[in-house]
Amino acid sequence: MPVARPESSDSRVIAHVDMDCFYVQVEQRKQPSLRGQPTAVVQYNSWKGGGLIAVSYEARKYGVKRSMRGDEAKQVCPEIQLVQVPVNRGKADLTVYRNAGSEVVSILARKGRCERASIDEVYLDLTEAAEKMLAETPPESLEAINEEAVKSHVLGLEVVDGVDTRENVKRWLVRPDADRRDKLLACGSLLVADLRLQVLQETQFTCSAGVAHNKMLAKLVSGMNKPAQQTVVPFSSVKKLLETLPIKKMKQLGGKLGTSLQTNLGVETVGDLLQFPEEKLQELFGINTGTWLWNIARGINGEDVEGRLLPKSHGAGKTFPGPRALKTISAVEQWLNELCEELSERLQSDLEKNKRIAHTLTLHSSAYKLNDTDSHKKFPSKSCSLRYGTSKLQEDALILFQAGLREYLGSYKLKTSGSQHDGWRITGLSVSASKIVAIPSGTRSIFNYFHSQNQTCSSVEESNGRDVQNAAPLFLSGIETNSGVHSTRPEVESSDKEDKSVHALKSYDLEENETQVLRDKYTSVTRSPVHKWSEQDGFAQETVTSSSIGTHSCSIVNRPESRKELSGEHLVHVTSKEQKISSSKEKVTPSILKFFQSRTSCTALKREEGNPDLEANASSASVNTCFEALKQNESPVKNGSQTDTLRFDQDGLRRNCWSYKIDEIEHSILNELPLEIQEEFNAWLRPQKRPNTMKKGSSIVHYFSPLKEK
DNA sequence: CATTATTATCTT
DNA sequence: TAAGATAAT
């Protein structure tokens, strides 16, 4: 679970941008006559008209819903235009939507760190841009305000009668006496309005956005006013916003965890969560999830916007429902071949365009057994090191499948007839490529070198007369020629781990009596109705465009450490993720300590207690009087008492442990620190995830199937 | 066994 | 690390 940092120090400007019924828009751009008409995108149509995966707002007025069938949609809206998702190799092909998503991302990434959250959603960290704007061209100085920004919905904005809403919003945007944080949000709103306009101009797509101090809030409100509008959450309106918000509306709480909160704790709204002490939530749900929940209840969420424009994995899959379930190995093989073809194409494209290489191939399947009562056993997923080239993928995928099937059938298969199509049916197949790493730029020369050489170790196969790239895998395996050092085939040990069969389905459960006690103890009785929540659009997918070279590489070995060996001058660049991990893990941030130690005046700042909620105790500290360094980590202060204290909980750090009341560090001060130190400081503000200390069999949280009974 | 097809993250 | 579970769109 994500971990939060103290809110009051969080004056970031975060936006969540969500495309409006994205697939529909893509189709409408292709076919402009569909504009303004009730339209839906449907995949396949032979069975009940196919399944809807995106619905235009015109169609929604008729009650057309995502995941209705085409036929149902026609019933409620006979006029509806149904557009089919392209089909290739017998399966839905989402390439056009992925590419359209990439167009959008490249525009949205212009003003700050950008994270592609799905095919049609991104998060933006606009903090720096907003600060810059505030410093150089603050809204109050502007002669004209972006019309789009003026149309923003500002949550909690008091209505002045006699003043129309737009004028009211405009006044909020340019208010000279506003809290700095609100000013930053105002700048963020202007920036986002700008970006949305650019997206529209350059792609013809509309989108909606949420602007707030963190990801969770931005995401929460981006869908509140759709389509083509934006919503801002001023700091001061967070509490009221969350108070009555149904718990299930929060990201991450839409599933079993949310259900558990409802049924086990009687928590229906985010506000209800405020009753529970942090320790209690930690006991119940584990240290990380517990802390996360406690923070979420208060509108606190320290998750970073990752700078990532590309997907971390690629997958191709298909389901075979009902009578279409696959009955023979040969049918499975054929479909695997199709899937691998698509996957291979996308991998080639990624390699060519993004210079990235995938390391792991995984096969997932779902199946059931005939005339077998315990037949809902899960088909095991299997993975192996990934070899480039369509037929390699196909070969390996089949082997993985067969390994999975043997395990799935277990001794069950030992019955009659060795003939194939027997007891089993395959209802789903998918292959995916993960552990994708960028080829460091320094490697390019090596890459090119091998590129020009005749391949040292490739077979010919389906290289289609085009280039074969060996350099990358070579790099990744650490300079060995990959001639045959490692087995390239998926090594499928048939270690039939027989029994362990049924992992009980997991969910959150509390003991009955404890549940009652908790409900009585913390849950109040009354609650009130809430806002109106518009639906979210779209589907989740990924990015990457297409094109292809026939790459065919030899064995690719997963050996991350080997890169270190090579890290001379060129190869220092690892993926940013890895850098982050390694640095936050083993680094003691000595430079920060040094910096503070060299500071002579560290004066304490006391903050008034008794404010358990969101009221900003904007402690006005100045540069010299801000940091207090305590020699020993005085009793770990916990969030429950509203004093956020940095603490190192890993032993190595215990000794020279300092505690800071980071709530009390004013933001502007951070700006005076050297950049490098600012970064480290920020890392502090986003505490690491703590190892889960919850014992597995703890009577408190244990997982089971929630909606099972009855 | 008819919400499909993907993706991401966390736990074990 | 691999495999499973959960969640989202």
Side-chain angles (χ1 to χ4, degrees), chain A residues 1-2 18-19 21-23 41-44 46-48 50-54 65-69 85 91-94 97-98 115-121 219 223 248 250-259 286 288-289 292 303 306 308 311-326 339 342-343 346 359-360 362-364 366-370 375-376 378-385 400 404 407 425-435 493 497 500 503-508 535-543 558 560 689 691-692 694 696 703 705-706:
Chain A
M1 281 295 111
D18 197 306
M19 305 307 294
C21 53
F22 190 45
Y23 290 9
V41 172
V42 69
Q43 54 189 359
Y44 313 121
S46 39
W47 196 70
K48 300 189 175 181
L52 272 55
I53 59 178
K65 297 260 189 49
R66 189 170 54 171
S67 143
M68 272 172 123
R69 303 302 159 73
V85 172
K91 69 179 288 298
D93 185 347
L94 306 175
Y97 311 117
R98 290 190 184 100
E115 173 183 332
R116 162 173 250 163
S118 76
I119 196 173
D120 71 337
E121 284 175 89
K219 162 80 178 170
K248 296 277 226 173
M250 293 279 334
K251 194 173 103 162
Q252 295 288 286
L253 298 182
K256 297 185 180 184
L257 179 53
T259 300
N288 291 304
T289 303
W292 180 81
E303 280 168 77
E306 306 280 332
R308 184 176 47 77
K312 298 174 124 174
S313 67
H314 301 288
K318 177 161 179 61
T319 56
F320 309 96
R324 307 207 288 172
L326 309 184
L339 297 174
E342 179 184 323
L343 182 60
R346 287 161 56 191
H359 277 53
T360 303
T362 304
L363 178 134
H364 297 273
S366 55
Y368 66 96
K369 291 181 214 160
L370 298 172
S375 79
H376 51 34
K378 299 264 189 254
F379 194 101
S381 64
K382 294 289 164 188
S383 58
C384 68
S385 118
L400 291 177
E407 192 176 318
R425 291 294 184 276
I426 297 302
T427 57
L429 283 175
S430 87
V431 288
S432 59
S434 60
K435 304 200 181 137
E493 18 57 47
K497 292 151 186 179
K500 77 174 306 185
H503 270 92
L505 276 189
K506 296 180 165 186
S507 113
Y508 302 86
E535 334 220 323
Q536 312 276 25
D537 296 308
F539 251 151
Q541 247 85 64
E542 34 92 276
T543 170
N558 289 312
K689 226 172 37 177
N692 199 359
M694 217 179 30
K696 196 162 53 164
Y703 299 84
S705 196

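Atoms considered below: every heavy atom in the structure, side chains included; atoms not considered: hydrogens, waters and symmetry mates.
For A/D120, counting side-chain heavy atoms from C-beta on, the closest listed nucleotide (C/dA3, B/dA2, C/dT9) is C/dT9. Distance from the side chain of A/K312 is smallest for B/dA8 among the nucleotides B/dA8, B/dT11, C/dA7. The side chain of A/P323 sits closest to B/dA2 out of B/dA5, B/dC10, B/dA2. If you check B/dT3, B/dA8, C/dT9 against the side chain of A/R308, the one that comes closest is B/dA8. Relative to the side chain of A/A316, the nucleotides B/dA5, B/dT6, B/dC1 differ in distance, and B/dT6 lies closest. Between B/dC10, B/dA2, B/dT6, one nucleotide has an atom nearer to the side chain of A/P321 than all others, and that is B/dA2. Which of B/dT6, C/dG4, B/dA5 sits closest to the side chain of A/P380 comes down to C/dG4. Out of C/dA2, B/dT6, B/dA2, the shortest distance to the side chain of A/K435 is found at C/dA2. Minimum atom distance to the side chain of A/K318 is reached by B/dA5, of the listed B/dA2, B/dA5, B/dT4. Distances from the side chain of A/K219 to the nucleotides B/dT6, C/dT9, B/dT4 place C/dT9 closest.
Between A/K48 atom NZ and A/M68 atom CE the span is 12.5 Å, to the nearest 0.5 Å. Distance check: A/S430 OG to A/L363 CG gives 6.5 Å after rounding to the nearest 0.5 Å. For the atom pair CZ of A/R98 and CD1 of A/I119, the computed distance is 6.5 Å after rounding to the nearest 0.5 Å.
Looking at residues two or more places apart in sequence or on another chain, you find a side chain to side chain donor-acceptor pair (under 3.5 Å) between A/T427 and A/S366. Qualifying side-chain contact (heavy atoms from CB on, under 4.5 Å) partners for A/A433, counting only residues two or more places apart in sequence or in other chains: A/L343, A/L347, A/A358, A/L386. By the side chain to side chain donor-acceptor pair (under 3.5 Å) test, A/K369 pairs with no residue at all, sequence neighbours left out. Residues forming a side chain to side chain donor-acceptor pair (under 3.5 Å) with A/K248 (at least two apart in sequence, or on another chain): A/T259. Listed by chain and number, the residues in a side-chain contact (heavy atoms from CB on, under 4.5 Å) with A/T319 are A/P321 (sequence neighbours excluded).
In this structure, A/Y368 forms an aromatic stack with the base of B/dC1, since both conditions hold: centre separation below 5.5 Å and plane angle below 30°.
The residue A/Y44 sits close only to the backbone: its heavy atoms come under 4.0 Å of sugar-phosphate atoms, none of a base. At a threshold of 4.0 angstrom between heavy atoms, the contacts of A/K48 with the nucleic acid are absent. Residue A/G322 is classed as a base contact, given a heavy-atom separation below 4.0 Å to a base.
Between A/R98 and the phosphate of B/dT6, there is a side-chain N or O to OP1/OP2 separation shorter than 4.0 Å. In this structure, A/S381 does not reach the C/dA2 phosphate: none of its side-chain N or O atoms is under 4.0 Å from OP1 or OP2. Proximity of A/S313 to the phosphate of B/dA8: a side-chain N or O atom is located under 4.0 Å from OP1 or OP2. Side-chain nitrogen and oxygen atoms of A/R69 include at least one within less than 4.0 Å of the OP1 or OP2 phosphate oxygen of B/dT3. A/S430 has no side-chain polar atom (N or O) that falls below the 4.0 Å cut-off from OP1 or OP2 of B/dT6.
One can place CG of A/L253 at 12 Å from P of C/dT9, the figure rounded to the nearest angstrom.
Look at the C1' atom in both C/dA7 and B/dT3: the space between them is 15 Å, to the nearest Å. Taking the C1' atoms as reference points, B/dT4 lies 26 Å from C/dA2, given to the whole Å.
For the pair A/K91 and A/R324, both in contact range of DNA chain B, the more 5′-proximal nearest nucleotide belongs to A/R324. Along DNA chain B, the nucleotide closest to A/E342 and the one closest to A/W47 are compared, and the more 5′ of them pairs with A/W47.
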How would DNA chain B look in dot-bracket form, 5' to 3', counting Watson-Crick and G-U wobble pairs with both distances under 3.5 Å and writing | for bases paired to another strand? ....||||||||
